Number of protein chains: 2
Amino acid sequence: MSATEQKIIDSASEIFLKKGKDGARMQEIADHAGINKALLFYYFRSKDRLFEEVFKNEVKTIITNIIDAISETDNFYDFLTQFVRTYLKFITPRRTLMRFIFWEISKTRGTITSYFWEVFNQRGYNENPIVSKIKHAIDSGQIRPVNPEHLILSLLGMCIFPLMAAPLIEDILRYKINLDDPAFLKKREKVIVDLIWNGVKPE
Amino acid sequence: MSATEQKIIDSASEIFLKKGKDGARMQEIADHAGINKALLFYYFRSKDRLFEEVFKNEVKTIITNIIDAISETDNFYDFLTQFVRTYLKFITPRRTLMRFIFWEISKTRGTITSYFWEVFNQRGYNENPIVSKIKHAIDSGQIRPVNPEHLILSLLGMCIFPLMAAPLIEDILRYKINLDDPAFLKKREKVIVDLIWNGVKPE
DNA sequence: GTCTATACATCGATAGAC
DNA sequence: GTCTATCGATGTATAGAC
């Protein structure tokens with residue numbers, strides 16, 4: 001990829017993430033990239049295609065990092081701790097990206113799924129790796145038999161929601177939740193791990 | 001409010017929620033309301049003002065229903081069960097609304113907070129009512145001393161996240177999560193209540 | 001209040017010089 | 001590959017008749 005193309009992608013990502021597909025302007029993207037508007041069309045033919053390119057990149061970034069947050073350990077508690085820590089660390093500075101994905105998701109649906117499986121297959125998984133971890137932990141008696149899908153929903157929900165609601169929650173609770181404060185993040189990590197572990201640990 | 005004005009608000013809500021502020025078109029709203037485009041401007045002067053009106057309504061709807069999901073009971077477990085059930089029932093058919101709020105939130109921030117406190121004050125609360133419930137439960141020894149803010153983040157996260165991620169999760173997990181299936185909702189309710197209660201119940 | 005017609009700005013996209 | 005200039009479509013908003 002040429003340097004110009006890279007500059008365009010970078011700028012487009014920033015603008016699209018902030019304003020969404022509809023809110024973003026090709027002129028703004030061009031300005032931000034320090035090039036002319038016509039060049040955007042030379043490289044990407046249309047706004048739709050440029051958006052698609054950006055969207056694909058960003059989704060794959062998230063997927064890759066979800067997978068990377070899965071450690072190799074066989075111990076479920078270790079896996080849990082590692083996952084929450086790594087994942088929180090990755091998404092915290094990427095609030096905008098998360099919001100963007102969840103917003104644009106409603107319009108693109110099917111496409112995203114294929115990106116997921118593309119990355120999964122690249123890594124040699126033929127089942128969702130988190131589901132595998134949970135199943136394995138159940139089979140080996142490390143945790144009680146629980147519904148893996150619901151567990152994932154709870155886990156991800158607790159990680160992601162605070163990010164997306166943070167500016168609001170901060171105000172409404174009249175409570176300083178500063179996502180960029182490591183102390184909050186550490187506390188959040190502990191709360192999530194404790195709650196989940198409490199719910200799944202064997203008697 | 002005149003019948004026409006009401007029709008406009010209703011139509012505008014539907015379109016804005018689905019396409020966002022930038023994606024929505026005044027023509028489409030007018031068509032949907034069965035009136036002429038010029039009439040939109042007669043009543044609301046501009047797209048911005050119409051959007052603001054719609055946004056305020058929708059946010060207040062959510063806030064009101066969060067509050068209504070809080071039962072009068074003193075028993076924390078009952079409160080928890082009631083809250084999750086009522087809240088899940090309310091938001092499940094309103095996925096679009098939730099997505100919309102979280103997306104548009106980033107641009108409007110401060111405004112929303114004032115809506116919250118407006119409704120809180122109307123109901124005579126001078127503290128966040130959920131925080132009050134939790135504090136009271138701690139003081140009366142019904143639950144262990146936990147951080148109320150983190151508890152709320154966990155609770156709401158587990159309720160809201162599945163909604164926003166549902167179409168995706170459904171595909172990725174190769175698992176039929178049908179939000180409109182009462183069985184899923186019931187199971188989800190149980191999972192959330194159990195997990196939270198497990199984490200807060202006294203020794 | 002409600003309509004038709006239209007002004008005015010801006011957007012995505014293209015043509016063509018270099 | 002990169003630019004300037006511009007087209008055509010479409011968007012918000014207004015004027016003015018009824």
Side-chain angles (χ1 to χ4, degrees), chain A residues 1-59 96 99-101 103-108 111, chain B residues 1-59 96 99-101 103-108 111:
Chain A
M1 192 182 319
S2 76
T4 307
E5 208 173 337
Q6 189 60 55
K7 260 197 306 183
I8 294 178
I9 288 279
D10 291 346
S11 299
S13 292
E14 200 177 318
I15 309 291
F16 275 133
L17 259 61
K18 215 177 328 188
K19 310 208 167 174
K21 182 179 173 179
D22 295 321
R25 298 292 156 231
M26 296 299 267
Q27 185 62 61
E28 190 179 355
I29 294 173
D31 290 347
H32 189 278
I35 54 146
N36 191 275
K37 196 172 58 162
L39 217 50
L40 297 182
F41 294 90
Y42 171 78
Y43 278 103
F44 296 95
R45 288 185 54 87
S46 73
K47 187 185 182 182
D48 276 349
R49 281 175 198 252
L50 177 57
F51 175 80
E52 209 179 312
E53 195 64 26
V54 167
F55 191 65
K56 189 172 73 184
N57 279 342
E58 296 299 340
V59 170
T96 322
R99 247 191 284 267
F100 168 76
I101 298 276
W103 173 247
E104 302 287 351
I105 246 177
S106 47
K107 308 167 194 164
T108 15
T111 332
Chain B
M1 191 184 316
S2 77
T4 306
E5 209 174 335
Q6 189 60 54
K7 259 197 309 184
I8 294 178
I9 288 280
D10 291 345
S11 299
S13 291
E14 200 177 319
I15 309 292
F16 275 133
L17 258 61
K18 215 177 329 188
K19 311 208 167 175
K21 182 179 173 180
D22 295 321
R25 296 293 157 230
M26 295 300 265
Q27 186 62 60
E28 191 178 356
I29 294 173
D31 291 347
H32 189 277
I35 54 147
N36 193 274
K37 196 172 57 165
L39 217 50
L40 296 181
F41 294 91
Y42 172 77
Y43 278 104
F44 296 94
R45 287 186 54 88
S46 74
K47 186 184 182 182
D48 275 350
R49 281 174 198 253
L50 177 57
F51 176 80
E52 209 179 311
E53 196 64 26
V54 167
F55 190 65
K56 190 173 73 185
N57 279 341
E58 297 298 342
V59 171
T96 321
R99 247 191 284 267
F100 168 76
I101 297 277
W103 173 245
E104 301 288 351
I105 246 175
S106 48
K107 307 166 194 163
T108 18
T111 333

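Only this structure's heavy atoms are used, side chains among them; waters, hydrogens and symmetry mates stay out. These numbers were taken from a predicted model, which means no experiment stands behind them. So you know, we letter chains A, B, ... as the sequences are listed, proteins then strands, and number each from 1.
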Can you list every ring-ring contact (aromatic ring centres under 6.0 Å, His included) pair that touches residues 11-41 of chain B, not counting sequence neighbours? B:F16-B:F51

Would you say that B:K18 contacts B:F100 through its side chain, given a criterion of any heavy-atom pair below 4.5 Å between the two side chains? no

Applying side chain to side chain contact (heavy atoms under 4.5 Å, CB included), name anything that partners B:K107, two or more places apart in sequence or on another chain. B:D22, B:W103, B:E104

Using a heavy-atom cut-off of under 4.0 Å over every strand shown, decide if B:S2 touches base, sugar-phosphate, or nothing. nothing

Under the side-chain hydrogen bond (donor to acceptor under 3.5 Å, both in side chains) test, which residues partner A:N36, sequence neighbours left out? none

Counterpart residues, side-chain hydrogen bond (donor to acceptor under 3.5 Å, both in side chains), relative to B:K19 (two or more places apart): B:E28

Could I get the full list of side chain to side chain contact (heavy atoms under 4.5 Å, CB included) partners for A:T108, not counting sequence neighbours? A:F55, A:T111

Pairs satisfying side chain to side chain donor-acceptor pair (under 3.5 Å), at least one member in residues 46-57 of chain B, at least two apart: B:K21-B:D48

Identify the 5'-most and 3'-most nucleotides of DNA chain C with at least one atom closer than 4.0 Å to a non-hydrogen atom of chain B. C:dG1 to C:dT4

Check side chain to side chain contact (heavy atoms under 4.5 Å, CB included) between A:K7 and all other residues, then give those that pass, not counting sequence neighbours. A:I35

Base-pair map of DNA chain D as dot-bracket, where | denotes pairing with a different strand and pairs are Watson-Crick or G-U under 3.5 Å: ||||||||||||||||||

Using the side chain to side chain contact (heavy atoms under 4.5 Å, CB included) criterion, which residues pair with B:Q27? Sequence neighbours excluded. B:D31, B:K37

Could you check which residues of residues 14-42 of chain A get a heavy atom under 4.0 Å from DNA chain C? Sort them by number, please. A:A24, A:R25, A:M26, A:K37, A:A38, A:F41

Who are the side-chain hydrogen bond (donor to acceptor under 3.5 Å, both in side chains) partners of A:Q6, not counting sequence neighbours? A:D10

